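Single-structure report; data block below.
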Amino acid sequence: DEAQPSSSTHDSRPPKCYLLACNPRKSTNLGPLIRCASAFGVHQIVLAGYAKCSTSGAHGAQKHVNITSFPTMEQAVQY
């Protein structure tokens, strides 16, 4: 008789995965980055070095990943 963990204390979902990208220079790099993050199940992309960012080139993948951007790395880390 092995004790089974109760379903209320056992969470079978995988942990959330976050991606922190520091100042990707070319906006053309963001689309493939977002697409790859979506494909690998990343929960949230945190971009440092942008007040706002364009998701052009993501081909709809931005709908499946939360994207947050900050002007500085310090702000992104504090987030």
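Keep in mind the model is a prediction, meaning the values are calculated, not measured.
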Taking atom CG of Asn23 and atom CE of Met73, what is their separation to the nearest 0.5 Å?
9.0 Å
Once you round to the nearest 0.5 Å, how far does CG of Leu47 lie from CG of Leu30?
6.0 Å
Which heavy atom of Gln62 sits nearest a heavy atom of Ile67, and at what distance?
CB-CD1, 4.0 Å
If you look at every heavy atom in Val46 and Ala76, which pair is closest and at what distance?
CG1-CB, 3.8 Å
On a heavy-atom basis, which atom in Ser38 and which in His64 lie closest, and how many Å separate them?
OG-CB, 3.5 Å
Can you tell me how far apart OG (Ser69) and CD1 (Ile45) are? Round to the nearest 0.5 Å.
11.0 Å
If you take all heavy atoms of Ile34 and Ala58, which pair is closest and at what distance?
CG2-CB, 3.9 Å
Is there a donor-acceptor contact under 3.5 Å from the side chain of Arg35 to the main chain of Gly60?
no
Between Tyr79 and Phe70, how do the two ring planes meet: parallel, tilted or perpendicular, split at 30° and 60°?
tilted
Separation of Asn66 CG from Lys16 NZ (nearest 0.5 Å):
8.5 Å
Any Gln44 side-chain heavy atom under 4.5 Å of Thr68 side chain:
yes
